[in-house]
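Take a look at the structure set out below.
Just so you know, residue 1 is the first one in the sequence shown, and it goes up from there.
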Amino acid sequence: MKKTFLEKIENRTLSCGVVGLGYVGLPLAVEKAKAGFKTIGFDVQPQKVDLVNAGQNYIGDVIEDDLKALVEEGMLRATSDFSELAKVDFIAICVPTPLDDHQQPDISYVKSSAEAIAKSLKRGTMVVLESTTYPGTTEELLKPILEKGSGMVCGKDFYLGFSPERVDPGNAVFKTKNTPKVVGAIGADALECIAAVYRAVLGAEVHTVSSPAIAEMEKILENTYRNVNIGLINEMAILCNRMGIDIWEVVDAAKSKPYGFQAFYPGPGLGGHCIPLDPYYLSWKAREYGFHTSMIESSMMVNDRMPEYCVERCSKILNRQKKALNGAKVLVLGVAYKQDIDDYRESPAIEVIHELQKEYADVCYFDPYVKKFSQKGLSMQSIPALTPEAVAEADLVVVTTAHTNVDYPMVQKYAKAIFDTKNVMKAVQPRDNIEVL
């Protein structure tokens with residue numbers, strides 16, 4: 001089986017399937033097709049399937065001309081018919097792994113994908129999970145489902161591994177193709193073959209590890225590292241505010257040290273699919289071993305509280321103007337979870353809006369990338385344009401996303417008061433109506 005796989009990779013006769021055509025799956029499918037492997041994308045949402053087959057892009061990190069050309073050349077297509085999984089040699093699972101209402105891992109998408117794959121799994125196929133999850137998922141959940149559903153044996157009839165996605169939406173430098181890849185698999189032959197596929201597709205290092213669990217934990221470590229450090233800087237920001245010290249200047253000074261310090265910045269909370277969620281996966285799994293991740297959980301508590309803290313600061317800013325938050329007109333600038341993208345998954349800006357509405361503020365928002373959103377029971381539409389009139393009408397403008405295509409000098413000129421949680425207006429003068437986090 002190994003020899004056949006390596007030959008197919010070398011002569012580009014390997015056919016690939018990608019389950020889940022979202023922020024991870026579609027860019028991966030495009031790169032596989034660009035590398036010369038005929039690729040089929042699978043998704044339960046007919047709209048995504050139709051868009052891909054029409055060569056129409058809906059993901060910021062994909063170039064529409066590339067997508068269209070690949071579709072027209074017959075190198076890439078999409079379907080909702082999961083029985084077509086029987087036609088591919090390599091399957092990457094790129095489905096969401098959110099948290100449920102109790103902040104516990106929801107791996108239902110992974111499970112349902114594995115069950116669908118098992119029904120059509122042919123002998124001599126590689127299956128790789130890319131979705132971020134807790135250590136042990138590949139071997140404890142995926143392997144039994146695939147073996148039971150297919151009647152085959154992992155390592156003998158099919159190969160199984162884990163290679164965590166490292167997608168950073170909006171990153172101008174690192175994309176799917178040039179970001180180093182980590183691969184762990186069950187068995188040496190599986191590891192060699194799966195790594196060979198990624199080496200043929202990507203223009204970056206492929207780092208192999210001894211097991212799927214190592215690769216799963218590595219991904220959790222990446223994002224927990226960021227979560228803990230952002231929690232630290234957010235807590236420092238709260239303390240610095242009480243002490244009358246500018247946290248942004250503190251960080252700028254600290255990062256002048258050429259070793260031993262990496263700059264992290266405060267904000268209204270954490271957003272995106274990975275950083276806010278992954279530590280919960282780790283804490284949940286750790287309890288199975290009677291271990292409590294106390295430091296990690298503390299950072300999560302700090303970060304989770306930041307939207308509430310931001311609203312407290314809003315209330316104080318309005319109070320100095322002899323205005324109450326109740327009934328105040330608040331304009332929120334940005335609901336995407338990071339600058340210059342349209343992704344609002346787990347966005348702290350939406351949590352800030354929630355908290356403002358709990359205090360009966362009259363809230364509207366402007367985001368040039370997110371015209372409307374619906375998340376956690378809250379649905380809103382952006383105001384059509386950020387005009388001087390819209391800014392002047394607000395009692396308070398709150399900057400929650402540092403989009404670079406916003407006219408911040410105009411905002412400063414017409415705003416009664418500004419709370420800048422991202423320090424994006426640091427160069428705007430004068431600053432008498434601006435307060436930073």
Side-chain angles (χ1 to χ4, degrees), residues 16-35 37 39 41-43 48 58-62 90-99 105-107 109-111 113-114 117 126-138 141-142 160-171 173-185 194-195 197-209 212-227 270-282 337-338 341 343 345-346:
C16 296
V18 177
V19 178
L21 295 174
Y23 286 89
V24 176
L26 184 58
L28 181 63
V30 167
E31 291 302 333
K32 288 186 181 299
K34 286 171 70 175
F37 299 104
T39 302
F42 297 84
D43 204 286
K48 287 183 178 179
Y58 50 88
I59 298 294
D61 287 350
V62 172
F90 179 97
I91 302 170
I93 304 172
C94 305
V95 296
T97 48
L99 298 173
D106 176 3
I107 51 172
Y109 298 103
V110 173
K111 185 178 179 182
S113 297
I117 291 168
M126 288 180 273
V127 180
V128 181
L129 178 62
E130 288 217 6
S131 306
T132 304
T133 183
Y134 60 84
T137 302
T138 303
L141 176 75
L142 215 55
L160 179 61
F162 181 80
S163 182
E165 58 88 1
R166 282 174 161 175
V167 173
D168 184 16
N171 192 314
V173 177
F174 290 105
K175 307 289 185 182
T176 298
K177 185 171 180 61
N178 67 338
T179 300
K181 206 83 167 78
V182 172
V183 176
I194 293 170
V197 173
Y198 285 110
R199 288 192 179 102
V201 171
L202 307 177
E205 174 195 0
V206 175
H207 183 94
T208 59
V209 295
I214 296 290
E216 290 161 342
M217 182 64 91
E218 175 279 323
K219 173 63 174 179
I220 295 289
L221 173 60
E222 287 179 31
N223 291 324
T224 301
Y225 168 82
R226 289 185 59 79
N227 192 302
L270 290 176
H273 173 64
C274 289
I275 299 174
L277 277 62
D278 292 1
Y280 283 99
Y281 273 75
L282 183 59
Y337 83 85
K338 63 182 287 191
I341 65 170
D343 190 347
R345 291 175 297 171
E346 306 298 326

Evaluate the side-chain proximity of [Y] to [X]: yes if any heavy-atom separation is below 4.5 Å, no if none is.
X      : Y      : value
Asp61  : Tyr23  : no
Pro180 : Arg166 : yes
Val110 : Leu129 : yes
Thr137 : Leu142 : no
Lys219 : Val182 : no
Phe174 : Asp168 : no
Asn227 : Asp278 : no
Asp343 : Lys338 : no

If you count every heavy atom of other residues, nucleotides or ligands that lies below 6.0 Å from [X] atom [atom1], does the total exceed 12?
X      : atom1 : result
Arg226 : CZ    : no
Lys177 : NZ    : yes
Tyr58  : OH    : yes

Notebook entry, point to check: Of Ser131, Cys94, Pro96, which meets side-chain contact (heavy atoms from CB on, under 4.5 Å) against Val24?
Noted result: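 That would be Cys94.
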Note to self: Under the side-chain contact (heavy atoms from CB on, under 4.5 Å) test against Phe162, which residue among Ile93, Val128, Val127, Thr138 passes?
What the structure shows: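 With Phe162 as partner, Ile93, Val128, Val127, Thr138 yield a single side-chain contact (heavy atoms from CB on, under 4.5 Å), made by Thr138.
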Nearest-0.5 Å distance, [atom1] of residue [X] to [atom2] of residue [Y]:
X      : Y      : atom1 : atom2 : answer
Lys48  : Asp43  : NZ    : CG    : 5.0 Å
Leu270 : Glu346 : CG    : CD    : 10.5 Å
Thr39  : Lys34  : OG1   : NZ    : 12.0 Å
Tyr281 : Ile107 : OH    : CD1   : 7.5 Å

Give me the atom names and distance for the closest heavy-atom approach of [X] to [Y].
X      : Y      : value
Gly22  : Pro27  : O-CD, 3.5 Å
Pro135 : Ala213 : CB-O, 4.2 Å
Ala185 : Ile194 : CB-CD1, 4.0 Å
Gly184 : Ala215 : N-CB, 4.0 Å
Val19  : Ser113 : CG1-OG, 3.8 Å
Val18  : Gly25  : CG1-O, 3.5 Å

Item checked: Those residues that, when tested against Phe42, pass ring-ring contact (aromatic ring centres under 6.0 Å, His included) (two or more places apart) ->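 Phe42: ring-ring contact (aromatic ring centres under 6.0 Å, His included) contacts with Phe82.
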Check: Does any N or O in the side chain of Tyr109 come within less than 3.5 Å of the main-chain N or O of Gly20, such that one atom is a donor and the other an acceptor?
Finding: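 Checked: no pair found.
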Next item on the list: Would you please name every residue forming a side-chain contact (heavy atoms from CB on, under 4.5 Å) with Leu202, sequence neighbours left out?
Entry: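 Residues passing side-chain contact (heavy atoms from CB on, under 4.5 Å) with Leu202: Thr176, Lys181, Tyr198.
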